[in-house]
There are 2 protein chains.
Amino acid sequence: MLTDPDPNLPEPEDDRELDQARLRAIQDALAHEQGAAIDHLLEPLHEADIADLLEQLGDVERRTLLRLWSGQIDGEILSELDEAIREEVIEELPPDEVAEAVRGLNTDDIVDVIENLDDETRADAILEALDDIDRIAVEQALGFPEYSAGRLMQREVVTAPSHWTVGQAIDHLRGASDLPEQFYHVILVDPRIRPVGYVTLGKILSSARDVALSEIEEESFRTFEVTDPEDEVAYAFNQYHLISAPVVDANDRLLGVITIDDAVRILDEEAEEDILRLAGVDAEEAISNRTRDVVRRRFPWLAVNLVTAVLASLVIAQFEGVIAQVVALAVLMPIVASMGGNAGTQSLTVAVRALATRDLTGANVWRVIRREVFAGAINGAIFAVVMGIVGVVWFGSPMLGVVIAVAMVINLIVAGFAGVGIPVVLEKAKIDPALASGAFVTTVTDVVGFFAFLGLAAIWLI
Amino acid sequence: MLTDPDPNLPEPEDDRELDQARLRAIQDALAHEQGAAIDHLLEPLHEADIADLLEQLGDVERRTLLRLWSGQIDGEILSELDEAIREEVIEELPPDEVAEAVRGLNTDDIVDVIENLDDETRADAILEALDDIDRIAVEQALGFPEYSAGRLMQREVVTAPSHWTVGQAIDHLRGASDLPEQFYHVILVDPRIRPVGYVTLGKILSSARDVALSEIEEESFRTFEVTDPEDEVAYAFNQYHLISAPVVDANDRLLGVITIDDAVRILDEEAEEDILRLAGVDAEEAISNRTRDVVRRRFPWLAVNLVTAVLASLVIAQFEGVIAQVVALAVLMPIVASMGGNAGTQSLTVAVRALATRDLTGANVWRVIRREVFAGAINGAIFAVVMGIVGVVWFGSPMLGVVIAVAMVINLIVAGFAGVGIPVVLEKAKIDPALASGAFVTTVTDVVGFFAFLGLAAIWLI
């Protein structure tokens, strides 16, 4: 049993990692209510690891830990937690403690915590407890559309007038009291606070004091509008290797800055969403969800699949008479459908990802479709020969071999065409291809597979 | 036709973006061999966009572009290209030009270009053309295992003795001639060049000259060993929000530094690999691959699927007699298998991702399996009722309704169990669960689905 405490616990490998050994030791200490041992085991852990720990514990263990651990849940831990677990942890804590924890965060992380809280009274209490400047910044951010640059950006920015020298910038930074925890650039602004360029800290540090900032500014400079969707922001960070970028309002005035860690989080979420959606799982699902959430989140896709499966059955039903005469058809028909479904899934997955990374565009879509159709035809032909032989050897009927071979080629060609065509059409129709392609493509390959195989059998075998 | 030149070309929306309008304008200019237009259209594009452009063009278009464009393929463009297209572009260019292009890159990017070149003569020629320092660094990096920290790191590092003050560091940086293009930290080293901590540039800039670097160093500090696998490095960057981190040898001596852009690339590749592998597509496949590569890369998984499909058919074959008596079974049996396959795929996808992000561990594996089995039972029961009714209404046989209902519940419970259990067991056996789980899980759900449905039918209907 994996969750049983082990009397011969191995020492954790790295003294600050949340590995299996430390996890078991913590669970063991929780089972025996050993507060001191818990403190000792948690002491070297990074906030992100403590968040992971809280997610992996069961409900009872988690409550025991919150009760016994002498450390405090700080803002970092809260902002690292899964939404579902975060809500639970916040419910367990006194409101003051939550507000105090959140105060230490940058405004973008405070926004992230508050926008995902279902309990509005809690959210308001946290807002109330913030300093005025932070509260106004957070409230303003919450006024921007969900999933926009405005929600991602932090208000803490470092700017300098574009006419300053390196020396002036350094003197200003040395005197500044409210610098962000991490920053990588100084944004150059004009007198109306519009960003006009930026200078890396490395350039400032390696230049003489009398050099003008405008002389050492970076060549390329990208700003985002506060209403830009977050996936486009993340795409640009990834594509152009940005570390941070200013966010401006409709009048080009500087409002905040988005940093690479936000972009990485969004990129991560987007990839995760695509993976889950391709498998018919709700993109919000997390491993820490409860059974009832899992049931609810999985149900819709299974319902869609039931409809498509019944559709395929209706096709089979048209050929009941043929099957009654040649029962071997019932034995072999799932093979044709299954191969088509798999080939279609291969094509659609490649297409969906290429659309997401913008590698599949109007410039190459016909070339890619042609390629998939050819690839389907060639692999179809190979498997047609194999299955033809299997059909002959197994059932002793050369004509049955021909039927399954031809049906296989037809279905794999259709799979290649549908596998690229359907995601592309869905994307044009502004429907997320990751979400809907699977149902359409497997319906097509099931229907075509059964129809081609049983239809050809009806013509050639009866 | 999407690839046809359009006489009423819209203006590109952003003057430096590679959008559909610009793509078509470029294809149009290529078709008419208009060199000046091509220069004009490519002029504002970022290297990453030029690389995307080269990937999306057809072979003939790409060669025309390389011939007509007056700009040079520089190192940035090369390092952004897909491996397959990069190889082609390098073949088209004179060796001097390639070497010259590569010289401008950091050593990690040079390593990336060279390690992926199939043509060894070319690779050697590029190595020869490098400066001695770079060549030695690249050759040493190529001596580290593939997919290790040693291949990811760049040699260009910025260090300072740990006893220095801010002023000493600034004076040193102002005098240094070989600083990397981008850097975010100064690594503090002891006299044996072992990293002992690091200071952000922001802290250096905002501190007085006489402050000791050791006073403003960051609290947490992570180094990687040169042999650490790249996926662990990327995981740590993501988990702990690192921007850069030193790489050391077995004696803890500083060898180089890994930066966030490398980690983002690996994270991207890992997610991409999981997505493709879950769909049975070779992880190396790219949208720009040729048909023969696609055929070759898709074939193995389809072959595995054929074997599992034949296995399922063997189960059906055991019940030929039953099907011959009740042909309705042939009509309905794919529904049970298909629902099981989909539910299993949902569970396994969630499990595979949770394993990849280390959210599924020994601490919660039994809880997650229990949850999936319960969720399968509940959803199974709902669909059992639906299908029971369909069975009765469609075929007028209450007993057939009971058979399909019970088979559905059994298969969805098995799907939940196998969907989590199989990836976990594969991970323990050091087999990539993303690669192999799908085949195992759908085999289980097909076999169990057909066996339960036809077996129950044999007992209850005949």
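Proteins come first, then strands; the chains are lettered A, B, ... in the order of their sequence lines, and each starts at number 1.
Top candidate by heavy-atom pairs under 4.5 Å with chain A, chosen from T442(B), L306(B), T308(B), V281(B), is L306(B). Annotation: maximal heavy-atom pairing with chain A below 4.5 Å, among F237(B), F383(B), F450(B), F183(B), occurs at F383(B). Your options are D359(B), L23(B), T345(B), and the one with the most heavy-atom pairs under 4.5 Å with chain A is D359(B).
S338(A) and N305(B) are linked by a side-chain donor-acceptor pair at a separation below 3.5 angstrom, with hydrogens and angles left out of the test. No side-chain donor from either of N379(A) and R298(B) sits under 3.5 Å from a side-chain acceptor of the other. Side-chain atoms of D52(B) and Q239(A) include a donor-acceptor pair closer than 3.5 Å. In the model, E55(B) has no side-chain atom that pairs as donor or acceptor with a side-chain atom of S288(B) under 3.5 Å.
The contact between I275(B) and chain A is made by backbone and side chain atoms together, counting heavy-atom distances below 4.5 Å. With a 4.5 Å cut-off on non-hydrogen atoms, A176(B) does not touch chain A at all. The part of A286(B) that comes within reach of chain A is its backbone (N, CA, C, O), which places non-hydrogen atoms under 4.5 angstrom from that chain. For S207(B), the part sitting under 4.5 Å from any heavy atom of chain A is the backbone (N, CA, C, O) and nothing else. Using a 4.5 Å cut-off between heavy atoms, I382(A) contacts chain B through its side chain alone, with no backbone atom that close. In this structure, the portions of R209(A) lying under 4.5 Å from any heavy atom of chain B include both its backbone and its side chain. Looking at D268(B), the atoms closer than 4.5 Å to chain A (heavy atoms on both sides) all sit in the side chain, from C-beta outward.
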Show me, pair by pair, the donor-acceptor contacts under 3.5 angstrom made by side chains of residues 314-337 of chain B, not counting sequence neighbours?
unit_1	atom_1	unit_2	atom_2	d
Q318(B)	NE2	L314(B)	O	3.0

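You'll find the side chain of V420(B) stays beyond 4.5 Å of the side chain of L348(B), heavy atoms only.
With L205(B) as the fixed residue, the side chain to side chain contact (heavy atoms under 4.5 Å, CB included) test singles out one of L179(A), V166(A), V158(A), L201(A): L201(A).
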